[in-house]
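The structure appears right after this line, and notes come after that.
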Amino acid sequence: MSNDPSGRPVPSPIVTAAGVDHVRLAYDYLDSGDVDGYGSLLDDDIALDRPDAPPGRGRDQVVRMHADGLVPRARHHIDRIVADGHSVVATGHLSPVSGRHAHGPERIDFVDVFTLSAEGMLLGCRRYYFASPGLNF
């Protein structure tokens, strides 16, 4: 078995495919509000990093953040999923759902970069949002 640039063994294509399935299921669970189902896909040491929520470390904390509404709810519309080894990248857009976060824009483009564990569980997720280059930061 070969190693990836980080020195970790490259998982088999079966593990990567399982990770892709877990990514798809994660969006389905989050869209339906099934936080426990979402939690079942997370590695114990998950790291969640998003610009619209506090950082989450560990399955229990990340599940609690979703249950407590610290992570904004939205409906995910996936355009593409690309996977290689330990990495899965999903692109798409979000649309609002009813609730306290439903007053935002009609559509927000996003990219999620997932890291998979050796078993294909979700070990990391970093979200990026599209921002117009014309904005002043």
Side-chain angles (χ1 to χ4, degrees):
M1 181 180 283
S2 62
N3 292 341
D4 68 12
S6 70
R8 294 171 50 189
V10 175
S12 74
I14 294 169
V15 170
T16 303
V20 170
D21 287 343
H22 288 161
V23 167
R24 289 184 190 281
L25 280 170
Y27 293 127
D28 288 343
Y29 286 142
L30 290 173
D31 289 352
S32 70
D34 184 353
V35 177
D36 291 329
Y38 170 72
S40 72
L41 304 171
L42 306 179
D43 186 86
D44 288 339
D45 297 322
I46 179 80
L48 179 68
D49 292 296
R50 298 171 52 129
D52 57 356
R57 301 294 180 262
R59 178 188 293 138
D60 292 340
Q61 182 183 39
V62 170
V63 168
R64 192 170 46 256
M65 288 170 56
H66 281 278
D68 293 347
L70 296 176
V71 178
R73 282 205 59 208
R75 181 136 344 265
H76 297 84
H77 305 275
I78 306 305
D79 297 324
R80 179 176 292 185
I81 294 180
V82 179
D84 183 40
H86 291 286
S87 300
V88 179
V89 176
T91 65
H93 68 274
L94 305 171
S95 60
V97 295
S98 61
R100 69 180 194 173
H101 298 289
H103 306 294
E106 290 295 313
R107 176 186 167 129
I108 299 172
D109 293 327
F110 75 95
V111 174
D112 282 339
V113 179
F114 293 91
T115 303
L116 304 176
S117 72
E119 297 78 27
M121 304 300 284
L122 305 182
L123 178 61
C125 179
R126 180 176 294 266
R127 174 161 289 180
Y128 299 90
Y129 289 114
F130 172 78
S132 172
L135 296 176
N136 294 323
F137 292 104

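Only a predicted model underlies this, so the values are computations on that prediction, with no experimental measurement involved.
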#### Entry: Ring-ring centroid check His93 Phe130, cutoff 6.0 Å
no
#### Entry: Within 6.0 Å of CZ in Arg24, more than 12 heavy atoms from elsewhere
no
## Note on the structure
Heavy atoms of Leu30 and Arg73 approach each other most closely as O-NH2, 3.6 Å
### Query
Considering all heavy atoms of both residues, which atom of Ala74 and which atom of Asp31 are nearest to each other, and what is their separation?
O-OD1, 3.2 Å
### Message
Tell me every residue that passes side chain to side chain contact (heavy atoms under 4.5 Å, CB included) with Asp60, counting only those two or more places apart in sequence or in another chain.
### Response
Arg64
### Query
If you round to the nearest 0.5 Å, how far is CG of Leu94 from NE2 of His77?
7.5 Å
#### Entry: Exercise: identify the closest heavy-atom pair between Asp79 and Gly92
OD2-CA, 3.3 Å
### Query
How many angstroms lie between CG in Leu41 and OH in Tyr27, if you round to the nearest 0.5 Å?
12.0 Å
### Query
Could you state the interatomic distance from CD1 (Ile46) to CE (Met121), rounded to the nearest 0.5 Å?
9.5 Å
### Query
Does the side chain of Ile78 come within less than 4.5 Å of Phe110's, by heavy atoms?
yes
#### Entry: Approximate separation, where rounding is to 0.5 Å, of His66 NE2 and Leu42 CG
7.5 Å
#### Entry: Linked, directly or transitively: Tyr128 and Val71 (ILVMFWY side chains, under 4.5 Å)
no
#### Entry: ILVMFWY network linking Val62 to Leu70, side-chain heavy atoms under 4.5 angstrom
yes
### Query
Which salt bridge (charged side-chain N to carboxylate O under 4.0 Å, His left out) pairs, counting each pair once, include a residue from residues 43-59, with sequence neighbours left out?
Asp44-Arg59, Asp49-Arg57, Asp49-Arg126, Arg50-Asp52
### Task
Determine, using the 4.5 Å side-chain heavy-atom cutoff (strictly less than), whether Val23 and Leu123 are members of one ILVMFWY cluster.
no
### Message
Let me confirm one number: the OG1-CZ distance from Thr91 to Arg80, rounded to the nearest 0.5 Å.
### Response
6.5 Å
### Query
Out of curiosity, Tyr38 OH to Leu25 CG, how far, rounded to the nearest 0.5 Å?
12.5 Å
### Shortest non-hydrogen separation from Leu116 to Gly85 and the atoms involved
CD1-O, 3.9 Å
### Connected via hydrophobic side-chain network under 4.5 Å: Phe114 and Val35
yes
#### Entry: Flag if over 12 foreign heavy atoms under 6.0 Å of CG, Asp109
yes
### Task
Return yes if some donor-acceptor pair links the side-chain N/O of His22 with the main-chain N/O of Leu122 below 3.5 Å, else return no.
no
